[in-house]
Student: 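Questions regarding the structure given below will be posed in turn.
Just so you know, these numbers use all the heavy atoms, side chains as well, and skip hydrogens, waters and symmetry mates.
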Amino acid sequence: MSRIFSGVQPTGNLHLGNYLGAIRNFVGLQDNYECIYCAVNMHAITVWQDPEDLRNNTREVAAAYLAAGVDPKRSIIFAQSSVSAHAELAWIFNCVARLGWLNRMTQFKEKAGKNRENASVGLYAYPNLMAADILAYKATHVPVGEDQKQHLELTRDIAQKFNKDYGTETFPLVEPLIFGEATRVMSLRDGSKKMSKSDPSDYSRITFTDDRDSIAMKLRKARTDPDPLPAKLEELDNRPEAANLVGIYAALADMTRQQVLDEFSGAAFSTFKPALTDLAVEKFGPIGEEMKRLRADPGHVDSVLKDGAERASALAAPVLAEVKDIVGFLLAR
Ligand code: TYM
């Protein structure tokens, strides 16, 4: 059976990249798969989080799923820390994954920066917990943005090594689902950096809760180049900022990037940016409104998370029991 698992870190500033690269895709997949969507609060604390902010941001991720169109009856929405199988399986995977594998992870290098000695052990072991998230449900498909590809390759390596070491077929080899016209949305201030929750500049990203004025202002200030939009895709190759805005437009409008160029070739950014603003407000605005409504009703979000945690626990428990038995842990009866 095919099962989807994906997660978003509750670290605040949910943005257009999270939406176009991941959350929007979560919605459509519900028609064909059993879907499990998680607010990965244990991943979040690999770097410092204020506890009150973490609580609020966990609800915010759940609210974003709901507002985008994830149906909590068909799909499971829950917080990672409520299902202890994630932590337990992650420990076993800490003993399967090799140091050499983790040393190659580019996200750790980026996040730890120069001061690597001072990074938390959790930040280093982060991909093992991610493998545990997915494999605790024997999920087969994982919708993510492009930046998570390397972590999913590691998940496959862990599954493969576990199966080989113990002579089993316990874990599936997960398939990344990276699709759409905006799998890597770039910063509005610098086309060489990806749009990120932790960028110090608020102008680098459009967030779920930005209103029309802020979206318009951020796009007005978005970095571009002096040339009009070209007719052919190849002509965007050395124009990262232009390519980014065209990709965002295409994704929001459900068009290909070539179709966007067919419509706007020859147009200056003074024409294209207002069109993109209208589109972003039209598509993104209602989600922000719904999130505001949900924020005012934390009881509802909490009840969705509680119900999701119970259903997720019930799915993960037999997998964890199977794994413990395979590893040779005595099962308490
Ligand atoms: P996170 O919280 O950084 O991002 C959530 C999702 O958004 C995607 N994304 C982007 N897509 C396009 N353009 C961007 N600029 C952009 N920035 C972020 C991410 O690829 C991701 O799909 N490690 C994961 C969370 C995680 C997870 C998992 C995901 C934990 N366990 C298990 C899948 C399965 C992360 O930090 O995502």
Side-chain angles (χ1 to χ4, degrees), residues 3-31 33-87 129-130 133-134 136-137 139 142-145 197-198 205-211 214-215 283-316:
R3 191 179 267 172
I4 297 274
F5 183 97
S6 198
V8 173
Q9 292 196 66
T11 41
N13 293 331
L14 281 180
H15 55 70
L16 190 63
N18 301 129
Y19 180 63
L20 296 177
I23 297 173
R24 192 172 82 140
N25 294 344
F26 295 178
V27 180
L29 290 166
Q30 297 179 107
D31 295 334
Y33 295 90
E34 176 182 15
C35 296
I36 307 170
Y37 298 126
C38 187
V40 289
N41 52 357
M42 288 157 64
H43 277 110
I45 63 163
T46 56
V47 299
W48 169 253
Q49 302 297 324
D50 173 81
E52 197 50 35
D53 289 347
L54 183 62
R55 271 186 279 274
N56 290 331
N57 290 333
T58 303
R59 291 192 181 105
E60 198 200 11
V61 168
Y65 290 164
L66 292 169
V70 175
D71 172 358
K73 295 217 165 55
R74 275 198 289 166
S75 303
I76 293 178
I77 296 177
F78 76 110
Q80 187 183 31
S81 60
S82 334
V83 180
S84 59
H86 293 244
L129 177 59
M130 186 161 155
D133 295 339
I134 298 164
Y137 304 92
V142 182
V144 282
K197 301 182 197 121
S198 55
R205 62 184 160 255
I206 292 174
T207 69
F208 274 66
T209 43
D210 277 340
D211 59 18
S214 347
I215 293 177
K283 300 283 178 174
F284 217 40
I287 300 178
E289 285 302 311
E290 179 61 8
M291 281 179 71
K292 268 185 217 143
R293 205 188 61 73
L294 288 165
R295 190 179 288 163
D297 185 6
H300 173 63
V301 173
D302 287 356
S303 73
V304 166
L305 287 170
K306 181 165 178 286
D307 174 63
E310 283 164 10
R311 288 156 61 202
S313 294
L315 293 177

Student: Sequence neighbours left out, cut at 3.5 Å: what donor-acceptor pairs do the side chains of residues 60-72 make with other protein atoms?
Tutor:
| residue | atom | partner | partner atom | Å |
| --- | --- | --- | --- | --- |
| Tyr65 | OH | Val8 | N | 3.3 |
| Tyr65 | OH | Cys38 | O | 2.6 |
| Asp71 | OD1 | Lys73 | N | 2.8 |

Student: Between Ser313 and Ser82, which heavy-atom pair has the shortest distance, and what is it?
Tutor: OG-O, 4.2 Å
Student: Under the ring-ring contact (aromatic ring centres under 6.0 Å, His included) definition, can you give me all pairs with a residue in residues 284-314, not counting sequence neighbours?
Tutor: Tyr19-Phe284, Phe208-Phe284
Student: Would a distance-only check, ignoring hydrogens and angles, find a side-chain to backbone donor-acceptor pair under 3.5 Å from Asp307 to Val304?
Tutor: no
Student: If we only count heavy atoms from C-beta on, is the Val142 to Ile4 side-chain gap below 4.5 Å?
Tutor: no
Student: Rounded to the nearest 0.5 Å, how far does OG of Ser75 lie from OH of Tyr37?
Tutor: 5.5 Å
Student: If every non-hydrogen atom of Gln9 is compared with every non-hydrogen atom of Lys197, which pair is closest and at what distance?
Tutor: O-NZ, 3.2 Å
Student: CD of Gln80 to CE of Met130: how many Å apart, nearest 0.5 Å?
Tutor: 10.5 Å
Student: Which heavy atom of Thr58 sits nearest a heavy atom of Leu54, and at what distance?
Tutor: OG1-O, 2.6 Å
Student: Taking all heavy atoms of Ser81 and all of Asn41, pick out the closest pair and write down the distance.
Tutor: OG-ND2, 2.8 Å
Student: Find out whether Leu315 and Arg311 are in side-chain contact, i.e. whether some heavy atom of one side chain is under 4.5 Å from a heavy atom of the other.
Tutor: no
Student: Just verifying a value: how many Å separate Gln49 CD and Asn56 CG, rounded to the nearest 0.5 Å?
Tutor: 12.0 Å
Student: What distance separates Glu52 CD from Asn57 CG, expressed to the nearest 0.5 Å?
Tutor: 10.0 Å
Student: Above 12 or not: heavy atoms from other molecules or residues under 6.0 Å from NZ of Lys306?
Tutor: no
Student: Please verify the inter-ring angle class for Phe78 with His86; under 30° counts as parallel, over 60° as perpendicular, anything in between as tilted.
Tutor: tilted
Student: Nearest heavy-atom pair of Val83 and Ala316: which atoms, and what distance?
Tutor: CG1-CB, 4.2 Å
Student: Mind listing the closest non-hydrogen atom pair of Glu34 and Arg3 along with its distance?
Tutor: OE1-NE, 3.0 Å
Student: Thinking salt bridges, do Asp31 and Arg74 make one under a 4.0 Å N-O criterion?
Tutor: yes
Student: I'd like to know if Arg293 and Glu289 make a salt bridge, using a cut-off of under 4.0 Å between side-chain N and carboxylate O.
Tutor: no
Student: Hey, does Gln30 have a side-chain heavy atom less than 4.5 Å from the side chain of Val27?
Tutor: yes
Student: How long is the straight-line distance from CD1 of Ile36 back to CD1 of Ile76, given to the nearest 0.5 Å?
Tutor: 5.0 Å
